[in-house]
Enquirer: 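Take this structure first; my questions come after.
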Amino acid sequence: MTTGIESILVENRVFMPPEDLVKHANISGMDGYRALCDEANRDPNAFWARLARENLVWTKPFTQVLDESNAPFYKWYPDGELNASANCLDKHLGTPTENLTAIIFEADDGQVTRVTYKALHARVCQFANAIKGLGHKKGERAIIYMPMSIEAVVAMQACARLGIIHSVVFGGFSSKSIHERAVDVGATLMITADAQLRGSKTIALKDAVDEALAMGGCEAVTHVITYKRAGTAVQWHEGRDLWWHDVIAGQSSDCPPVSVNADHPLFILYTSGSTGKPKGVQHATGGFLLWSLMTMRWTFDAKPDDVFWCTADVGWVTGHSYVTYGPLAAGVTQVVFEGVPTYPNAGRFWSMIEQHKVTVFYTAPTAIRSLTKLAESDPTVHPDRYNLDSLRIIGSVGEPINPEAWVWYYKNVGHERCPVIDTWWQTETGAHMITPLPGVTPLKPGSCTLPLPGIDAAVVDEVGEEVERGKGGFLVIRRPWPSMICTIWGDPERFKKTYFPPELKGYYLAGDGAQRDKDDYFWIMGRIDDVLNVSGHRLGTMEVESALVAHPMVAEAAVVGRPDDTTGEAVVAFVVLNGAMPEGDQAIAVAKQLRDWVAKEIGPIAKPREIRFGENLPKTRSGKIMRRLLRVVAKGEPVTQDVSTLENPAILDQLSQAR
Ligand code: PRX
């Protein structure tokens, strides 16, 4: 039985972890790692129980570790109670951590604001009291649509404090995307800002929320709270709209955390799948919190004197696990950055690492690849112009990191003394799953190496049998783990069907192809479904197609990914218009119109890089669009595959020439 996933060339270079990390890291050496893996394998429930007891603060201790009675709807620590915000903030009060800087916020224009754990706790309490005073309570859903800011973290933490389930929408998404999510979660509260500042540009946020609410269907939203960031003019809806600064005025800086069951949803975060609209991935309070904290300690070796910087936006899962929750639960100082890596110039990341003495840096391969290009063409923004001696660990997330980018990062940013920690995980997994450990794992560029203790990852064929080393297959997780997706909000059937297909023995199907090498290392080979990864952002081809066909000029559209040196993949759309096929300048103008349309429908990240017009699309006689062939055409390669089943083979030539 084969999955059709071919094996890839495996890189042979090996880089050993630095001696001093091997000696002093929270997991020390291969023996330390093996001991934890053995403990987890011997008795998984005992292992997960020990970690949860030792590392989380429970208001009511759990007596059951895992309820499997309704698998795959697993419930972790089901009778235990706790509060996520108390585990990130209150637990530090009265300890030396309370006076430690929790967040160093650097604004787009370079202004720096610091907030200690104690002060952050007070701000979260004040805001929580404000929303409580407005009548919002446990179990309600709040949409958060905010720029990177201390306030965004405060908003999320305040929701968690009250047991309100947050659903953060990335600030780059359109009003239509906000609307879809607000309707799907049945939001009662929205938290936003007047605008966001990125790379000296001001981008309105409150306007988008207004537009979303005007679309109808979200009448349950009773309040929109707006944080004044940019001072831009906004429309005001009396009775519904409130200013952040007004609602917190006079609020007490003490707000008792609401104790919730460990499986109470902490958040719902939408992500793209291969079919339909983005799905609301639901995460539970206890399990999510445990694994975001443990991975801070293990993967990033978090220590109290660390200055941690994860560059992800809170609109993505990385910003949930490694900005809002993990770093605070771990009690480190972290940098939160409002801007973009290229403003005022492409040395911004390096200069911030130097200025804030960042010790652990975590970013995406796309950023590394684009900054490499810029640094190689402009020596003034090359990392070697900056003092990066504070760094001890450098991480990567979101997409495969190619060996060239890996080595550049290792040499030029890590100075060959910081391990590159290539973390494989997903919105659905909540936190890291397969990753090197800084004081343990010999590194191979391009491999995310070995699973974390307790994570039973494997590469299997179509019936769930493990494939031989060196062969490609489906990446699965064979045993449940605490931070796993609980369900898809409002669509339990889709959850079961997507992640636990019956033929795979009840294993969690990640949706990635992978292979393992002779040393058991994992190599991720990209998605097996119609999900694209553009600059580390997940996009469904169907979503982009639906947006395109919603345009009155478009009759049909097919979207595929094309490999791209910087963004990993680029969106290529093949479009059939109603009426004549445009040519020359007209084609350019229509393509621009459609790109802008997609940006408006979904968000700028979904804009097709290229649009090709045709009179038709390649289809089988039964009417199925042959995306496989379109991928070849998009790459600019000749089609050598058998096209005899095509209704209209000549269309391939037309699409190949239409650039
Ligand atoms: O294809 C894998 C890729 O990103 C997908 C998950 O995307 P998302 O849910 O948006 O989460 C991104 C941040 C965790 C995966 O299915 N991916 C993520 N990390 C890696 C990766 N591919 C290769 N190597 C990685 N380190």
Side-chain angles (χ1 to χ4, degrees), residues 5 8 11 168 170 172-173 267-274 278-283 288 291-292 295 299 310-323 326 362-369 394-403 405-406 409 420-436 441 443-452 455 457 459 474-477 483-485 488 498-499 508-515 521-540 543 561 563 567-569 603 605-606:
I5 301 168
I8 46 166
E11 160 80 42
V168 182
F170 173 58
F173 279 135
F267 65 86
I268 299 161
L269 186 61
Y270 283 78
T271 191
S272 298
S274 47
K279 47 200 176 190
V281 173
Q282 180 180 320
H283 275 289
F288 172 83
W291 209 222
S292 53
T295 48
T299 314
C310 163
T311 66
D313 192 284
V314 291
W316 310 109
V317 72
T318 313
H320 284 60
S321 319
Y322 301 108
V323 177
Y362 191 35
T363 197
T366 292
I368 299 161
R369 287 191 294 261
I394 53 178
S396 167
V397 60
E399 46 179 326
I401 178 163
N402 49 309
W406 194 105
Y409 192 33
V420 174
I421 302 299
D422 175 7
T423 59
W424 178 85
W425 59 297
Q426 312 175 291
T427 307
E428 293 87 341
T429 70
H432 302 155
M433 300 294 280
I434 308 179
T435 174
T441 324
L443 306 165
K444 300 186 193 181
S447 168
C448 54
T449 76
L450 300 169
L452 283 165
I455 302 302
V459 179
F474 302 137
L475 178 59
V476 296
I477 312 295
S483 66
M484 68 195 294
I485 173 176
I488 293 175
T498 311
Y499 301 110
Y508 167 84
L509 176 68
D512 280 331
Q515 75 173 91
Y521 278 34
F522 284 80
W523 298 78
I524 305 297
M525 295 150 70
R527 300 286 307 189
I528 54 170
D529 51 12
D530 289 321
V531 170
L532 305 182
N533 194 324
V534 180
S535 301
H537 301 319
R538 230 163 113 169
L539 266 184
E543 272 173 79
T567 58
E569 274 187 299
I605 54 166

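For ligands, and for the atoms within them, numbers begin at 1 and follow the listed sequence.
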Enquirer: If you have a sec, work out which protein heavy atom is nearest atom 9 (O) of ligand 1 and how many Å separate them, to one decimal?
Expert: Thr427 OG1, 2.5 Å
Enquirer: Is there a donor-acceptor pair under 3.5 Å between the side chain of His283 and the backbone N or O of Thr427?
Expert: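 Yes.
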Enquirer: Could you check which of Gly430, Cys448, Gly398, Pro365 puts a non-hydrogen atom nearest to atom 18 (C) of ligand 1?
Expert: Gly398
Enquirer: May I ask you to check whether Phe173 and His537 place their ring centers less than 6.0 Å from one another?
Expert: no
Enquirer: Starting from atom 2 (C) of ligand 1, what is the nearest protein heavy atom, named by residue and atom, and what distance separates them?
Expert: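 Result: Asp512 OD2, 3.0 Å.
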Enquirer: Need the ligand 1 atom indices (1-based, order shown) with element for anything under 4.0 Å from a heavy-atom of Val397.
Expert: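 This gives 13 (C), 14 (C) as the contact atoms.
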Enquirer: Using heavy-atom distances, let me know which of Met525, Arg527, Glu399 sits nearest atom 25 (C) of ligand 1.
Expert: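 Looking at heavy atoms only, Glu399 sits closest to atom 25 (C) of ligand 1.
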Enquirer: Should Thr318 be counted as touching ligand 1, given the test is an N or O pair under 3.5 Å?
Expert: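 N/O-N/O distance under 3.5 Å: no.
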Enquirer: Find out whether Phe522 and Thr449 are in side-chain contact, i.e. whether some heavy atom of one side chain is under 4.5 Å from a heavy atom of the other.
Expert: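 Not touching, per the 4.5 Å side-chain cut-off.
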Enquirer: So, for Phe170 and His320, is the gap between ring centers shorter than 6.0 Å?
Expert: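 Between Phe170 and His320, the centre distance exceeds or equals 6.0 Å.
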Enquirer: Applying a 4.0 Å heavy-atom criterion (strictly less than), which segment of Ile401 is in contact with ligand 1: side chain, backbone, both, or neither?
Expert: neither
Enquirer: Identify, for atom 7 (O) of ligand 1, the protein heavy atom at the shortest distance, and state residue, atom and that distance.
Expert: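 That would be Arg538 CD, 3.2 Å.
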Enquirer: Please check if the distance between the ring centroids of Trp316 and Tyr322 is under 6.0 Å.
Expert: no
